[in-house]
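Everything on this sheet refers to the single structure shown next.
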2 protein chains.
Amino acid sequence: MSQDLPVTAYAILGLLTFGDELTGYEIKQRADMTLRFYWVSPATSQIYTELRRLADHGLVRADAHADGGREVTSYAITDAGQEALRTWMAETPAGFPVLKHPVLLRLLVGHASEPARTRQMLHDYLVELDQALADLGGVRESLRGADSEGEPFRFPALVADWGLDYFAAEAVHTQRALASLGDPGPSATA
Amino acid sequence: MSQDLPVTAYAILGLLTFGDELTGYEIKQRADMTLRFYWVSPATSQIYTELRRLADHGLVRADAHADGGREVTSYAITDAGQEALRTWMAETPAGFPVLKHPVLLRLLVGHASEPARTRQMLHDYLVELDQALADLGGVRESLRGADSEGEPFRFPALVADWGLDYFAAEAVHTQRALASLGDPGPSATA
DNA sequence: ACTTGCATGTAAGTCGTTACATGATTGT
DNA sequence: ACAATCATGTAACGACTTACATGCAAGT
């Protein structure tokens, strides 16, 4: 039955299990808000490509309708899509996470760089972590009120909390690395 | 001068900054031990491809010599390679980590799966985390004795400690998710 | 009037994987 | 003698990205 699709296809399928019909554009936005923290946010063009493939396999239904004056296509998951997603989750091992961590990669070969540059990189990372924490924190807040057992956003809330803890831990590790590199931190200047 | 190369090329270059001349085969082994935790362990064929490209750019020197009866090629980083690596680290922003986390992806759409299956997945993940902790812990141990300031393995030790903490935190998050899903844990049965 | 957002794609190219092929060396 | 490890590649293919192109709708 269900041919093996790239994981990204299942990720898109998963986004469509939360009820609404979505356009490719909207899927991209949702992916930017949620998927990007745990998987990737695929390029827009990739999303349209996957949607076409999913439609060809009958896993999503393309609903072309008029929005104001123009033609817009939104997509809904089909019963076959639900089934394919469930089968995939039941029978395909999840596998171990792949972490592409440019900061750690560069820190690994830190002896080949200026110490000041390495510290700068870690400071930059802290700023980006702050941003990520704020972004994901915003998402987490938006789920409040429907995040208990049996409610629709229980699982998204679970992974958001996981992600928030992860980013917080990254910040701690970064601080620790900075301390180990003799960075005084922003304490004295303030 | 230094064209933009894929990050994997710089990662290989980085592995060659630890002193020895390495064959492609040995680079693959080192990558499996260290790089795989923070970046990826490229396929063997990919390593040979990158090595050829690096050699074409003059960033590594290919040293074909006889090992016993057969021809073996080992690679050493050149001065130009050191320079290219330093330039890359100095001028290219590291960028934010990309996490491809199939467990979190599946947990995100947990409502589309059997609860028992989700718990099973988390248990499986715990086992894999144990293995990763053991593997990386072994690497960490092998660095002892040369992991202080000014010593060659200072930075590898720093990232290994970071990684060990990360895996430990993942285990905690997994346990927490299991608890939230009503998993009693292995306590009562023991 | 003009910019920003919404919405959908095509084309080209790269990175990287899997599968396969080959052969020498070492250990048991 | 046989298996495992060392060592080096080729070929085919797929996922994904970037760059580009297009045009309507809505806000200021």
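No hydrogens, no waters, no symmetry mates; every other heavy atom, side chains included, goes into these values. Lettering of chains follows the sequences in order, A, B, ..., and the numbering in each one begins at 1.
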- request: Verify, without hydrogens or angle tests, whether K28(B) (side chain) and S45(B) (backbone) share a donor-acceptor contact under 3.5 angstrom.
  value: no

Check: G58(A) main-chain N/O paired with T78(A) side-chain donor or acceptor under 3.5 Å: yes

Round to the nearest Å and state the distance from [X] atom [atom1] to [N] atom [atom2].
X: I47(A); N: dT10(C); atom1: CD1; atom2: P; value: 15 Å
X: L22(A); N: dT8(C); atom1: CG; atom2: P; value: 11 Å
X: E71(A); N: dT8(C); atom1: CD; atom2: C1'; value: 12 Å
X: I12(B); N: dT8(D); atom1: CD1; atom2: P; value: 13 Å
X: D32(A); N: dG5(C); atom1: CG; atom2: C1'; value: 14 Å
X: K28(B); N: dG9(D); atom1: NZ; atom2: P; value: 16 Å
X: L51(A); N: dG9(C); atom1: CG; atom2: C1'; value: 12 Å
X: Y10(B); N: dG16(C); atom1: OH; atom2: P; value: 13 Å

message: Using the ring-ring contact (aromatic ring centres under 6.0 Å, His included) criterion, which residues pair with W162(B)? Sequence neighbours excluded.
response: H101(A), H173(A)

Sequence-distant partners of F37(B), ring-ring contact (aromatic ring centres under 6.0 Å, His included), two or more places apart: F167(B)

field: End axis versus end axis in the helix from dA1(C)-dT28(D) to dT28(C)-dA1(D), the angle rounded to 10°, five pairs used at each terminus
entry: 40°

Would you mind listing every salt bridge (charged side-chain N to carboxylate O under 4.0 Å, His left out) that reaches into [range], with sequence neighbours excluded?
range: residues 128-137 of chain B; answer: R36(B)-D135(B)
range: residues 83-97 of chain A; answer: E83(A)-R86(A)
range: residues 149-173 of chain A; answer: R140(A)-D161(A), D165(A)-R176(B)

- prompt: Which residues satisfy the salt bridge (Lys or Arg N to Asp or Glu O under 4.0 Å) test with E26(B), sequence neighbours excluded?
  reply: none

- prompt: Under the salt bridge (Lys or Arg N to Asp or Glu O under 4.0 Å) test, which residues partner D20(A), sequence neighbours left out?
  reply: R30(A)

Side-chain N or O of [X] less than 4.0 angstrom from OP1 or OP2 on [N]?
X: Y25(B); N: dC6(D); result: yes
X: Y48(A); N: dT8(C); result: yes
X: Q29(B); N: dC6(D); result: yes

statement: Nucleotide by nucleotide, nucleotides 16-27 of chain D touches protein heavy atoms under 4.0 Å in the pattern (B base, S sugar-phosphate only, - none) BBB----BBS--

